[in-house]
Protein chains: 2
Amino acid sequence: MAKVYNFSAGPAVLPHEVLATAQAEMLDWHGSGMCVMEMSHRGKEFMEIIHDAEQDLRALMAIPAGYKVLFLQGGASQQFSMVPLNLAPVDGHIDVLDTGHWSKLAVKEARRYTGVNVVASSSDSNYAVVPDVASWQRTPDAAYFHYTSNETIGGLQCPFVPEVGDTPLVCDMSSDFLSREVDVSKFGLIYAGAQKNIGPSGLTVVIVREDLLGHAQAQTPTMLDYRVHADADSMYNTPATYPIYIAGLVFKWLKTRGGIKGMQARNDEKAGLLYHMIDSSNGFYFSHVQAPYRSKMNVVFRLKDEALEDVFLSEAKKNGLMQLKGHRSVGGMRASIYNAMPIEGVKALVHFMEDFARQHG
Amino acid sequence: MAKVYNFSAGPAVLPHEVLATAQAEMLDWHGSGMCVMEMSHRGKEFMEIIHDAEQDLRALMAIPAGYKVLFLQGGASQQFSMVPLNLAPVDGHIDVLDTGHWSKLAVKEARRYTGVNVVASSSDSNYAVVPDVASWQRTPDAAYFHYTSNETIGGLQCPFVPEVGDTPLVCDMSSDFLSREVDVSKFGLIYAGAQKNIGPSGLTVVIVREDLLGHAQAQTPTMLDYRVHADADSMYNTPATYPIYIAGLVFKWLKTRGGIKGMQARNDEKAGLLYHMIDSSNGFYFSHVQAPYRSKMNVVFRLKDEALEDVFLSEAKKNGLMQLKGHRSVGGMRASIYNAMPIEGVKALVHFMEDFARQHG
């Protein structure tokens, strides 16, 4: 195998150490004679795995007492239904900040179950900024305030946590979960699909303040009721055991790397290298996102000469720099540089981009 | 590691060859330089994996044209909501055959979305038989007829496919999927959680006749609408990629073992050995299920002397025979002998049970 760096937006690169451990334990987890995939979810071996995963996540994020951690399925897309079904009344409404593709999908699904007020939209800036707080048109008595902390497709990241007073703050943190420090106590509910910074797809992590449980709309399917899962400690039915195991290994790996604080420093450095190169390219490369709102997870950029983009992608691939094509809805390039992307990968990309600009500039 | 045989009811034993392949491919799938967990679900590598998995499953089960195969999440429990939400009108009703624990849960959830008529119940026989067809109280115009082909907890298996004329037949086949030949064309919809005969938990396979798509109730969450997933070939959102990969390896393994026909012959032999031993034990062991309805997947049995059951379990464990404890709701023992349980495991269990009966009889 040639050494490659995988810049996929998700499912995405995982830490080599985690995969090596999974490989070593594949046929026999800790002397049990079983692969983790073969374990009863109610057996003591798996109960230990899920317990450790939760405790490690709680430690990493300093999740306060009074919050439940749930390991669910269905991805952020299923959360787009679950959040309004559980947290909003049919005859009530919510406030939402629109910063792009994923915010819009959350809005669309929420409208089926409650009223939705969009407080402000990044569309006014063609997705170059998160709208200024002063421009937000919030409403009284919103059941919650929803935002997307990082737009995976647009490459726009919210650099602050909205201050919304007593309104429960709900965040789709799928693509920057565990990448920077956050004060969980500011949130009512955080959700994240696993396939960026947590582990394999098929797992969704939800952190929810306990007082928000138990108010689901009558029509809510049992499997979409947070309280059902909270009461059963994510064991109402068989959870996605192997993805939870891998997530647990990722959490342990994070602890050996200085936790989230350590990750944040590395992520700042990685994103800094890449944006610096883009900004010093005399416009050969450019980002449409204004500096304070540029994502440190998904670096979206274009080439001044669009005709060169296909050449760029194919030459990058020859150099072992994979999956750099931007989402079809926005075009251009996207380098996703989640926690598990080593700085060597970013440096290799930067060097390649410099060479490419020299050759084609 | 000591050699163990794992009789867990699910998640359950997987073929050794499958796990060995997964181990070998963990760090580099087919020269891609990536673990399957790291692949974009829309990249050509994973598209090949999911395509092959679907085609192999179609070949194994001879799934006719006009049926969609969906790779979903949420397990059978989520299907308990999805089936009525998609296939029944709010003001209509369905017919259900009750054969035990899982049928009852399906009934309970379906009642939240449509009318439910229980045509007959195994409770009348204390779950010793599937009620005789002549006793079924079917209703006209049922939106569908639902049954559970194998009750994992009760150890009761339906030995026939109900003949229900033009009424769409819906089956929860979670615990005997791929274990015996079935004529898919008799069904409107088949669903199965993966963690018995398919692969790891976190994956649900649905086979649905296309004319049943597109009639979901208005309240149906987008992620619970079969048509949404069918239209997107299971790629509406990120699917559970690694479980799908493992399922694909299981399907290939089945093909090398004579397909479902080969499995059925082996399963008949394995179950035959175990029930024969139970029936020849002069009542030391006994099954409460009448012979024609005994599950070939989950062999549920008790000891005449209940006080010996804990001893039985602990000595079995010392002999490498794991997870034989019955479900807490029925007690006793349960030996789950899915496709991946080798006949050597069943023979080892039979020998142990003979020895145990001799020592304690």
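What's counted below: heavy atoms across the whole structure, side chains too, no hydrogens, waters or symmetry copies. All figures in this text were calculated on a predicted structure; none of them were measured in a lab.
The closest side-chain heavy-atom distance from A/Tyr226 to A/Leu72 is below 4.5 Å. Proximity of A/Gln73 to B/Gln78: side-chain heavy atoms (C-beta onward) are nowhere separated by under 4.5 Å. Side-chain contact check for B/Val13 versus B/Phe7: every heavy-atom pair is 4.5 Å or farther apart. Annotation: side chain of A/Leu224 is in contact with side chain of B/Pro221 (closest heavy-atom distance under 4.5 Å).
For A/Ala340, no part sits under 4.5 Å from any heavy atom of chain B, backbone or side chain. For chain B, the nearby parts of A/Ala22 are the backbone and the side chain; heavy atoms of each come within less than 4.5 Å. In this structure, the portion of A/Glu109 lying under 4.5 Å from any heavy atom of chain B is its side chain and not its backbone. For B/Ile244, no part lies under 4.5 angstrom from a heavy atom of chain A. The contact between B/Ser201 and chain A is made by backbone and side chain atoms together, counting heavy-atom distances below 4.5 Å. If you measure heavy-atom distances from A/Gln23 to chain B, the contacts under 4.5 Å come from both the backbone and the side chain. When heavy atoms are compared at a cutoff of 4.5 Å, B/Ala24 approaches chain A solely by way of its backbone atoms N, CA, C and O. With a 4.5 angstrom heavy-atom cutoff, B/Ala218 touches chain A only via backbone atoms. For a residue to count as touching a neighbouring chain, one of its non-hydrogen atoms must lie under 4.5 Å from one of that chain's; by this rule B/Tyr113 touches chain A with the side chain only.
Atom CG of B/Leu178 is separated from atom CZ of B/Phe251 by 6.0 Å, given to the nearest 0.5 angstrom. Distance check, rounded to the nearest 0.5 Å: OG of A/Ser175 to CD of A/Gln195 gives 9.5 Å.
Per-residue heavy-atom pair counts under 4.5 Å with chain A were compared for B/His41, B/Gln219, B/Glu25, and the maximum is reached by B/Gln219. Contacts with chain A were tallied for B/Pro243, B/Ser81, B/Ser77, B/Gly320; B/Ser77 has the most, counting heavy-atom pairs under 4.5 Å. Among A/Val36, A/Thr238, A/Leu85, A/Ile246, the residue making the largest number of heavy-atom pairs under 4.5 Å with chain B is A/Thr238. Of the residues considered (A/Thr241, A/Asn237, A/Thr222), A/Thr222 shows the highest number of contacts with chain B, using heavy-atom pairs under 4.5 Å. No other option in A/Arg112, A/Gln217, A/Met39 has as many heavy-atom pairs under 4.5 Å with chain B as A/Arg112. No other option in A/Pro239, A/Gly10, A/Gly75 has as many heavy-atom pairs under 4.5 Å with chain B as A/Pro239.
The shortest non-hydrogen separation linking A/Ile50 to A/Met235 is CG2-CE, 3.9 Å.
Counting non-hydrogen atoms of other residues, nucleotides and ligands closer than 6.0 Å to NE2 of B/His16 gives a total of 12 or fewer.
Using modelled atom types, no side-chain atom of B/Thr204 and backbone atom of B/Ala192 make a donor-acceptor pair closer than 3.5 Å. Proximity of a side-chain donor or acceptor of B/Ser103 to a complementary backbone N or O of B/Thr148 within less than 3.5 Å is not detected. With B/Asn6 contributing its side chain and B/Ala12 its backbone, the two residues share no donor-acceptor pair below 3.5 Å. Within the 3.5 Å criterion, the main-chain N or O of A/Ser8 finds no donor-acceptor partner in the side chain of B/Ser40.
Contacts between residues 321-332 of chain A and chain B, counted as heavy-atom pairs separated by less than 4.5 Å, involve A/Gln323, A/Arg328.
A/Asn150 pairs in a side chain to side chain donor-acceptor pair (under 3.5 Å) with only one of the listed residues (A/Asn298, A/Asp172, A/Asp176), which is A/Asn298.
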